[in-house]
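Every heavy atom of this structure was used, including side-chain atoms; hydrogens, water molecules and symmetry mates were not. Below, chain A is the first sequence line, B the second, and so on; all start at residue 1. From a predicted model like this one, the values you see are computed outputs, not experimental measurements.
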Protein chains: 2
Amino acid sequence: MVHSFDIEDDGGADEAPQGGRIRQRNKARIIAAAEKVFAERGYDGATTAEIAEIAGLAKSNVHYYFGTKEAIYREVVAGIVDLWLKAFGEITAEDDPATAISAYIRQKLLYSRKRPLASRIFATEIIRGAPILRPFLEVDLRDWVEAKAKVLALWAAQGRMDAVSPHHFFFMIWAATQTYADFASQISAVLGHKRLREADFEQAIATVTAIVLKGCGIKA
Amino acid sequence: MVHSFDIEDDGGADEAPQGGRIRQRNKARIIAAAEKVFAERGYDGATTAEIAEIAGLAKSNVHYYFGTKEAIYREVVAGIVDLWLKAFGEITAEDDPATAISAYIRQKLLYSRKRPLASRIFATEIIRGAPILRPFLEVDLRDWVEAKAKVLALWAAQGRMDAVSPHHFFFMIWAATQTYADFASQISAVLGHKRLREADFEQAIATVTAIVLKGCGIKA
DNA sequence: GTCTATACAACGATAGAC
DNA sequence: GTCTATCGTTGTATAGAC
């Protein structure tokens, strides 16, 4: 059986799943477990033993499939970046500014709600100085921001928004939305909620959207 | 000699330095080294060996002064919280909203510039689920926000600003300012600068302040 | 191809020397 | 009081069994 009809998620990597059924299944389990462990313990704090335990495999077996701990980490991070690129691409000059920016903020915040572990892994990778993601940041993300900067400059020239620094505009939106994943423990402690609820996220969306749109002079 | 005339920094803890001159000096060196290592490697990634090397002491000697790695970490974190509490307390009902919020944003961003390591340690502590800082978040920080929420509500009732959610207002400002310390590697990569410059921080202050003030309807 | 017993380095911590 | 030789444990990784 060459083709796969496996309904299981492949862990988020962009390549088509390769190898036999057992290999696919075990690699997927390892990646899923690793996302959890890396998010909770950080790169150094994560152990292949804990990843193996959650994945339901022997520790040594994890090393059979991935070789090194860093290889697991790289695949987890690659999946996260892949998700990021697919989810947040649509801000074009033809869009209505208020609609496009509102949708972007909402998407980012829903991503913080649905995939907090991914966001936390991304965050710790950046805080560590981005040893793995540096090329991505310097090339892909930089190009993305430069492209969007032109859109924002055009909108400003058309009088549809203020002429704010596009770079810092995005830094602010990224920070304000990702904080609900990365700093969830702080936010829930301050709110007095055990866990963040859907209503908290809706209020976050409303507040961030309102301040950003009005603050940039974007007409609703 | 009971009293100390030591000009060296004690590392940021709030207790008066105790013990002999050697003890003081070595503890200070360990704390300073530990701040660096914890910020760069995270709690688990940090090793007492590296802390000792940077501090110029033998590894075992570090354990003599602090006993455990966690004890070092607790003292580092305590110093950071102490700094936070001393630096960002002044937003009162008598203040002019624009002046007070502008000053707060500026202070937070200058803190990101001057003490990025402290900010990163705080960030990773929160991302880890705040195992050490949870009580601080649930009590002290929560009380602080509740007090400031009353100030913001008063300002809103007086028509001096919009009625935005005070909690999410602060989450946004914290995120937007701390990101310049925590995510400096991402920001510098996107900007194409090797390191963040003073001009970058000034532009960040200008952008964040402008968007927040206008976005909340605070008259300048 | 899949999995595990084993190796070996590095960790935090301490008992004991100075 | 100060410092270091040494220990037990746990980490990643591999050689070899199935």
Side-chain angles (χ1 to χ4, degrees), chain A residues 1-4 6 8 11 17-31 33-38 40-77 124 128 131-132, chain B residues 1-4 6 8 10-11 17-31 33-38 40-77 128 131-132:
Chain A
M1 188 182 284
V2 178
H3 299 298
S4 163
D6 198 333
E8 289 206 44
Q18 291 191 348
R21 300 185 67 81
I22 297 175
R23 188 173 205 86
Q24 272 179 48
R25 188 201 56 188
N26 285 348
K27 287 193 79 170
R29 283 184 181 173
I30 291 167
I31 290 295
E35 180 173 302
K36 216 171 173 178
V37 178
F38 281 127
E40 284 174 3
R41 314 246 184 242
Y43 178 78
D44 292 287
T47 65
T48 53
E50 189 176 2
I51 293 171
E53 192 186 340
I54 294 177
L57 296 168
K59 180 175 74 164
S60 306
N61 206 1
V62 168
H63 282 280
Y64 161 64
Y65 285 110
F66 282 94
T68 68
K69 171 173 151 179
E70 188 184 320
I72 309 174
Y73 180 70
R74 294 191 101 98
E75 195 146 320
V76 170
V77 168
T124 50
R128 280 166 53 83
I132 306 295
Chain B
M1 186 185 281
V2 177
H3 299 300
S4 164
D6 199 332
E8 289 204 48
D10 74 358
Q18 291 192 348
R21 301 184 66 81
I22 297 175
R23 188 172 206 87
Q24 272 181 49
R25 188 200 57 187
N26 285 348
K27 286 192 81 169
R29 282 183 181 174
I30 291 167
I31 290 295
E35 179 172 302
K36 218 172 173 176
V37 177
F38 281 125
E40 284 173 4
R41 313 245 183 244
Y43 178 77
D44 292 288
T47 64
T48 53
E50 189 176 1
I51 293 171
E53 192 187 339
I54 294 177
L57 297 167
K59 180 175 75 160
S60 306
N61 206 0
V62 168
H63 282 280
Y64 162 64
Y65 284 111
F66 281 94
T68 67
K69 172 173 152 179
E70 189 185 317
I72 308 175
Y73 180 71
R74 294 191 101 98
E75 192 145 326
V76 169
V77 168
R128 282 166 51 86
I132 306 295

Practice problem: Heavy atoms under 4.0 Å is the rule here; annotate nucleotides 11-18 of chain C 5' to 3' with B where the base is hit, S where only the sugar-phosphate is, and - elsewhere. | Solution: SBBB----
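- Residue B/R29 contributes atom CZ, which lies 14 Å from atom P of D/dT2 at whole-angstrom precision.
- Between the P atom of C/dT2 and the CZ atom of A/R21 lies a distance of 12 Å, rounded to the nearest Å.
- Every residue two or more places apart in sequence or in another chain was checked for a side chain to side chain donor-acceptor pair (under 3.5 Å) with A/T124, and none qualifies.
- Here B/I22 lies in heavy-atom contact (under 4.0 Å) with sugar-phosphate atoms only.
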For residues 67-74 of chain B, tabulate all N or O donor-acceptor pairs below 3.5 Å that involve a side-chain atom, not counting sequence neighbours.
{"unit_1": "B/T68", "atom_1": "OG1", "unit_2": "B/A71", "atom_2": "N", "d": "3.1"}
{"unit_1": "B/K69", "atom_1": "NZ", "unit_2": "B/Y43", "atom_2": "O", "d": "2.9"}
{"unit_1": "B/K69", "atom_1": "NZ", "unit_2": "B/D44", "atom_2": "O", "d": "3.4"}
{"unit_1": "B/K69", "atom_1": "NZ", "unit_2": "B/A46", "atom_2": "O", "d": "2.7"}
{"unit_1": "B/E70", "atom_1": "OE2", "unit_2": "B/R74", "atom_2": "NH1", "d": "2.5"}
{"unit_1": "B/Y73", "atom_1": "OH", "unit_2": "B/E125", "atom_2": "OE1", "d": "2.6"}

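- Residues B/I31 and B/E35 form no side-chain contact, since every pair of their non-hydrogen atoms from C-beta on lies 4.5 Å or further apart.
- Distance, A/E50 CD to D/dG11 C1': 13 Å, rounded to whole Å.
- Under 4.0 angstrom from either OP1 or OP2 of C/dC3 there lies at least one side-chain N or O belonging to A/N26.
- In this structure, A/Y65 atom OH and D/dA13 atom C1' are separated by 17 Å, rounded to whole Å.
- Among the nucleotides D/dC3, D/dT4, C/dC3, the one closest to any side-chain atom of B/A58 is D/dT4.
- Rounded to an integer number of Å, the gap from B/K27 NZ to D/dG1 C1' is 14 Å.
- Note on B/R23: every side-chain N or O is 4.0 Å or more away from OP1 and OP2 of D/dG1.
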Practice problem: Please lay out, stage by stage, how A/I30 and A/I51 fare under the test side-chain contact (heavy atoms from CB on, under 4.5 Å). | Solution: CA-CA 7 Å; A/I30 291 167; A/I51 293 171; 4.1 Å; yes
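- B/A55 and B/R29 get closest at one heavy-atom pair: O-CD, 3.6 Å.
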Exercise. Assess whether side-chain contact (heavy atoms from CB on, under 4.5 Å) is satisfied between B/N26 and B/F66, documenting all intermediate values.
Key: CA-CA 11 Å; B/N26 285 348; B/F66 281 94; over 6 Å; no
